[in-house]
K.L.:
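Handing you this structure, nothing more for now.
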Amino acid sequence: MTEQFAGGKLLAGVRADLAHYRDAIAPMHRQVAVIRFAAEPTDPSVWQRRMEASRVSAEQKVRAFSHLGFGVDHQVLPGHTSAADFAALIDAHSNDPATSAIIVQYPPPPHLTALVQRMAPAKDIDGLLGDRSPQLACATADGISRVVRPYAQDNPRIAVVGGQGFVGSGVVRLLQQDGLRVESLDAGDDLRRVRQADIVVSATGQPHILTDEHIRPHHRLVVDSGFMPQPDGSIAGDIAPSAQQIPQHITPVPGGIGPTEMAVLMDRVVRQEADPGLRPWTVEAAPYRNRAELAALGNLPAAARAIQPGQATAQPAVEADTRRATGARAQGLAGSGSRHPGETGPGHGNLSR
């Protein structure tokens, strides 16, 4: 039976762990700028849905930063905003000593994308400036890598679909820095190669790109960072419904990586503004079986194959900072979790990007 990673539970724990910093942050009268764009009624349907995903994510960020005691300047701009006006807004926040961080929701309109690079690097909390950013990757990629690491203690094969995109490339970079074996798959590649992996990360923003043709029971973890509102009001991730009950563990959409991204942004801004020594939160792996164990179980009755605590492959628990809450707060373990939206939208991880 597939277990879901409870991103909502993880975020709730991080919010509780960091709440006491509000007493130090609120008197500073600092703010975070969150800038997004609104779709016009005449825009193509796909763009309207991308902007809806952007809205959901931006509103989550407003709640996250407000919880910590920051003011939030949430700017909603029309798609026809001029380059001069957008540049002036970025410059104003970059030069404002009261602004701690600037986030531009992706994707901005194409004629404005290059102007994001005007942002002051010190205020780039989401890794939008690439090599000029103090962040090694965007918050989504950082969160994904934190979820993956405890499942990768035995150097498994990891496939990242959309590995050349904004989110996917960050995941590849962070996991390779850990010395892990990572295969990046992108446009033109045979995605059936993910069958050979032990862990699959999909960061394309293309609804249902991976199906039961790709996902297998030996996949100990599948991370779905897609988030695309559909015309009927539903939310689609990268993993098709036909494949969502196949792997041993999966991050649901919504409720998986979206809340995880918010948890990363929260500990980044606290580290930057209030506690430089704050250690990043971590997660623990839930029990899983490796390929050899699955093969050995192949001839057993179904009832005997269930994974019981303590019976799974040895995987060192990733300990939470001793100054932080442990147990359910720090783990984000399997369970239904709160269904918070806000996963990576298509502009944040397209195969073509």
K.L.:
Check the pair Glu183, Gln196 against side-chain contact (heavy atoms from CB on, under 4.5 Å), reporting the backbone distance first and the verdict last.
P.N.:
CA-CA 10 Å; Glu183 180 180 16; Gln196 304 306 314; 5.9 Å; no
K.L.:
So, the side chain of His67 versus the backbone of Leu18: is there a donor-acceptor pair under 3.5 Å, distance only?
P.N.:
no
K.L.:
Report the C-alpha separation of Gln248 and Leu294 in whole Å, then their side-chain angles, then the decisive distance to 0.1 Å, and conclude whether the side-chain contact (heavy atoms from CB on, under 4.5 Å) test is met.
P.N.:
CA-CA 11 Å; Gln248 298 178 53; Leu294 288 173; 3.7 Å; yes
K.L.:
How many angstroms lie between atom CD of Glu261 and atom CD1 of Ile144, to the nearest 0.5 angstrom?
P.N.:
9.0 Å
K.L.:
Could you tell me whether His249 and Tyr151 have their ring centroids closer than 6.0 angstrom?
P.N.:
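Centroid separation for His249 and Tyr151: below 6.0 Å.
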K.L.:
Identify the heavy atoms of Gly79 and His111 that sit nearest to each other, and give their distance.
P.N.:
O-CE1, 3.3 Å
K.L.:
Side chains of Arg268 and Gln135: does their closest heavy-atom pair fall under 4.5 Å?
P.N.:
yes
K.L.:
Given side chains that start at C-beta, do those of Val223 and Val200 come closer than 4.5 Å, heavy atoms only?
P.N.:
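Val223 vs Val200: side chains apart.
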K.L.:
Is Leu174 reachable from Val201 through a run of hydrophobic residues whose side-chain heavy atoms are each under 4.5 Å from the next?
P.N.:
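Val201 does not cluster with Leu174.
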K.L.:
Yes or no on side-chain contact (heavy atoms from CB on, under 4.5 Å) for Phe70 and Val269, after CA distance, side-chain angles and deciding distance?
P.N.:
CA-CA 10 Å; Phe70 289 95; Val269 76; 3.6 Å; yes
K.L.:
With rounding to the nearest 0.5 Å, note down the distance linking SG in Cys138 to CG in Leu129.
P.N.:
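Reported value, rounded in 0.5 Å steps: 12.5 Å.
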K.L.:
Within the distance-only criterion (no hydrogens, no angle test), does the side chain of Arg30 pair as donor or acceptor with the backbone N or O of Pro97 below 3.5 angstrom?
P.N.:
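Yes: the side chain of Arg30 pairs with the backbone of Pro97.
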K.L.:
If the test is salt bridge (Lys or Arg N to Asp or Glu O under 4.0 Å), which one of Arg216, Arg291, Arg157 qualifies with Asp198?
P.N.:
Arg291
K.L.:
With a 4.5 Å limit on heavy-atom distance, are the side chains of His93 and Met119 in contact?
P.N.:
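Not touching, per the 4.5 Å side-chain cut-off.
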K.L.:
With no hydrogens and no angle check, is any side-chain donor or acceptor of Arg15 less than 3.5 Å from a backbone partner on Met266?
P.N.:
no
K.L.:
Measure across Pro247 and Val222 and return the closest heavy-atom pair with its distance rounded to 0.1 Å.
P.N.:
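Nearest heavy atoms, Pro247 then Val222: CB-CG2, 3.6 Å.
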K.L.:
Which heavy-atom pair separates Ile246 from Thr2 by the least distance, and what is that distance?
P.N.:
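Where Ile246 meets Thr2 most closely, the heavy atoms are N-OG1, 3.4 Å.
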K.L.:
Starting at OG of Ser202, measure out to CD1 of Ile257 and round the result to the nearest 0.5 Å.
P.N.:
11.5 Å
K.L.:
Are the side chain of Glu293 and the backbone of Asn290 linked by a donor-acceptor contact shorter than 3.5 Å?
P.N.:
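Yes; judged by distance alone, with no hydrogens or angles, the pair exists.
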K.L.:
Nearest 0.5 Å please: distance from the CZ atom of Phe227 over to the CG atom of Asp238.
P.N.:
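If I round to the nearest 0.5 Å, the distance is 12.5 Å.
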K.L.:
Counting C-beta onward and ignoring hydrogens, is there a side-chain heavy-atom pair between Pro107 and Phe37 closer than 4.5 Å?
P.N.:
no
K.L.:
Please evaluate residues Arg36 and Met51 with respect to the criterion side-chain contact (heavy atoms from CB on, under 4.5 Å), reporting the C-alpha separation (whole Å), side-chain torsions for both, the decisive distance (0.1 Å), and the verdict.
P.N.:
CA-CA 8 Å; Arg36 70 175 177 89; Met51 292 303 96; over 6 Å; no
K.L.:
If only atom types and distance count, is the side chain of Gln48 paired as donor or acceptor with the main-chain N or O of Pro41 below 3.5 Å?
P.N.:
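Flag set: sc Gln48 to bb Pro41 pair under 3.5 Å.
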K.L.:
Are side-chain heavy atoms of Ser57 and Met262 found at a separation under 4.5 Å?
P.N.:
yes
K.L.:
Can you tell me if His74 uses its side chain to pair, donor with acceptor, with the backbone of Val62 under 3.5 Å?
P.N.:
no
K.L.:
Is the shortest side-chain N to carboxylate O distance from Lys61 to Asp126 below 4.0 Å?
P.N.:
no
K.L.:
Once you round to the nearest 0.5 Å, how far does CD of Glu273 lie from CG of Leu278?
P.N.:
13.0 Å
K.L.:
With a 4.5 Å cut-off on side-chain heavy atoms, are Met228 and Gln206 touching?
P.N.:
no
K.L.:
Could you check Ile35, Leu265, Asp124 and say which one makes a side-chain contact (heavy atoms from CB on, under 4.5 Å) with Ile103?
P.N.:
Leu265
K.L.:
For a quick test of reading the model, state the closest non-hydrogen atom pair linking Pro231 to Arg49 and the distance between them.
P.N.:
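Scanning both residues completely, I find the closest heavy atoms to be CD-CD, 3.9 Å.
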K.L.:
Does the side chain of Val14 come within less than 4.5 Å of Leu10's, by heavy atoms?
P.N.:
yes
K.L.:
Check Ile158 against Ala152 and note the closest heavy-atom contact, atom names and distance.
P.N.:
CD1-CB, 4.2 Å
K.L.:
Can you establish whether the number of heavy atoms outside Asp131 located under 6.0 Å from its atom CG is more than 12?
P.N.:
no
K.L.:
Show, in sequence, the C-alpha distance, side-chain angles and deciding distance for Arg220 and Asp154, and conclude whether the salt bridge (Lys or Arg N to Asp or Glu O under 4.0 Å) test is met.
P.N.:
CA-CA 12 Å; Arg220 61 183 69 167; Asp154 57 344; 2.8 Å; yes
K.L.:
So with a 6.0 Å cut-off around CZ of Arg193, is the heavy-atom count from everything else above 12?
P.N.:
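Yes, CZ of Arg193 has more than 12 neighbouring heavy atoms, counting only those of other groups under 6.0 Å.
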K.L.:
With a 4.5 Å limit on heavy-atom distance, are the side chains of Asp275 and Tyr21 in contact?
P.N.:
yes
K.L.:
Okay, side chain of Asp178, backbone of Leu180: is any donor-acceptor separation there less than 3.5 Å?
P.N.:
no
K.L.:
Indicate the atoms forming the closest heavy-atom contact of Gly179 with Asn155, along with that distance.
P.N.:
O-OD1, 4.0 Å
K.L.:
So, does Trp281 use its side chain to make a donor-acceptor pair with the main chain of Ala263 at under 3.5 Å?
P.N.:
yes
K.L.:
Looking only at atom types and distance, does a side-chain atom of Asp186 sit under 3.5 Å from a main-chain N or O of Gly163, one as donor and one as acceptor?
P.N.:
yes
K.L.:
Measure from the side-chain N and O atoms of Gln244 to the backbone N and O of Ile239, and report whether any donor-acceptor pair falls under 3.5 Å.
P.N.:
yes
K.L.:
Working to the nearest 0.5 angstrom, can you tell me the gap between Arg118 CZ and Ile90 CD1?
P.N.:
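One gets 9.0 Å once the value is rounded to the nearest 0.5 Å.
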